[in-house]
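Let me begin by presenting the structure, written as structure tokens, before commenting on it.
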2 protein chains.
Amino acid sequence: MTATAPRTPTKAQLLELVAALGTAQWQDFAAAAARHGLTSVQAKLLSQLKGPVPMRGLATLLVCDASNVTGIVDRLEARGLVRREPDPADRRVKNVVATDEGHETIRRVRAEMQATHSALDTLDEEERTTLYGLLERLRPGLEHRG
Amino acid sequence: MTATAPRTPTKAQLLELVAALGTAQWQDFAAAAARHGLTSVQAKLLSQLKGPVPMRGLATLLVCDASNVTGIVDRLEARGLVRREPDPADRRVKNVVATDEGHETIRRVRAEMQATHSALDTLDEEERTTLYGLLERLRPGLEHRG
DNA sequence: CGGGTTGCTTGACGATCTCAAGCATCAATG
DNA sequence: CATTGATGCTTGAGATCGTCAAGCAACCCG
């Protein structure tokens, strides 16, 4: 009775575990962001900026109203972490781009998610591959959904 | 070249995937809660109430300030989903308990997380067991952390 | 050019969150 | 018992987040 035989978990148990890990990881992210004076939402927006993204696109990515994005970008811009650039093809559109400092900041936030990193470090290569494969299969079903 | 050979994902890829699923699942939860007129935070608090929990305990569980819990419980109590009860052993303490309606509401919210449910349905028993085992191993490292 | 749509911002309002301050109660001490 | 310090909860101020309604500019189409 030392090694617990791997019973099949109920869907409820699995759901609870996924939820618990999701929030734990979010807390880790929020804490890392806070160390750099960012709220979790600001950091999340920043993490979407691999290239220029129009305001509307950010609203879609963050699953929120466009008017909400205005304020978040305002605060990030006031700190010099992002910039609003006019879109050459459509004068209505403003593309948001991360400044060098913005990129560097979000890079550090990701690097400082210690809890998540050390958790992932407990898995060996094969386990990581297995986990990745399973999570990838879960993704399509969880993709935004209208 | 049809079946993609399972490469070992980088830690960054794995981290990104975990983050993406975490937020997707959170969106699913929030949407289900909204259908019952609850914010995600209210629903999350409600989901912690298997038994009586003091205000202070809720603040710890939600990783937030105690003063924040006051307002959230106020709103839930105004709707009759929770109740504040005096603690027999310590008159400072107020224990929060879910009413029958509260329990029923959160049960429905969980049941209505369609995206999450259908995602989990794509896994067979063995895969679920494997996933559960791996996620459980990730849990200790992600458990609250100071 | 006129009319409908789209992208962004503004303003109003509620919910969340933190911090500082305050009150009541508990626990330990003399 | 009275004092002192810690603990549990609430209140109030102030910032952020989030929605909705309204408005303006620019696009698209006929």
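So that the names make sense, note that chain A is the first sequence line, chain B the second, and so on, each numbered from 1.
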Checking A:Arg56 now: which residues fulfil side chain to side chain contact (heavy atoms under 4.5 Å, CB included) with it, not counting sequence neighbours? A:Ala59, A:Thr60

Contact residues, residues 67-83 of chain B to DNA chain D [heavy atom, < 4.0 Å]: B:Ser67, B:Thr70

Run the side-chain hydrogen bond (donor to acceptor under 3.5 Å, both in side chains) test against B:Thr122 and tell me which residues pass, sequence neighbours left out. none

Below 4.0 Å from chain B heavy atoms, what is the first contacting nucleotide of DNA chain C and what is the last? C:dA15 to C:dC26

Detail all sub-3.5 Å separations between protein N/O atoms and N/O atoms belonging to nucleotides 3-8 of chain D.
from	atom 1	to	atom 2	distance (Å)
D:dT7	O2	B:Arg92	NH1	2.6

Assert: residue with more 5' nearest nucleotide on DNA chain D, out of A:Arg91 and A:Ala66, is A:Ala66

Verify, without hydrogens or angle tests, whether A:Arg75 (side chain) and A:Gly71 (backbone) share a donor-acceptor contact under 3.5 angstrom. yes

For a quick test of reading the model, state the closest non-hydrogen atom pair linking B:Asp121 to A:Lys11 and the distance between them. OD1-NZ, 2.9 Å

Taking only residues two or more places apart in sequence or in another chain, which ones pass side-chain hydrogen bond (donor to acceptor under 3.5 Å, both in side chains) with A:Glu77? A:Arg84

Sequence-distant partners of A:Asp100, side chain to side chain contact (heavy atoms under 4.5 Å, CB included), two or more places apart: none

According to side-chain hydrogen bond (donor to acceptor under 3.5 Å, both in side chains), who are the partners of A:Arg91, at least two apart in sequence or on a separate chain? none

Within a radius of less than 6.0 Å around CD of B:Glu16, do more than 12 heavy atoms belonging to other residues, nucleotides or ligands occur? no

For residues 76-117 of chain B, the ring-ring contact (aromatic ring centres under 6.0 Å, His included) pairs (sequence neighbours left out) are none

Starting from the C-alpha separation in whole Å, work towards a yes-or-no answer on salt bridge (Lys or Arg N to Asp or Glu O under 4.0 Å) for B:Glu104 and B:Arg107. CA-CA 5 Å; B:Glu104 178 61 15; B:Arg107 192 192 63 71; 2.9 Å; yes

Sequence neighbours excluded, the answer for side-chain hydrogen bond (donor to acceptor under 3.5 Å, both in side chains) partners of B:Ser118 is none

The complete set of ring-ring contact (aromatic ring centres under 6.0 Å, His included) pairs with one or both residues in residues 38-60 of chain A, sequence neighbours excluded, reads none

Over its full length, what angle do the end axes of the helix from C:dC1-D:dG30 to C:dG30-D:dC1 make, each axis taken from five pairs and the result rounded to 10 degrees? 20°

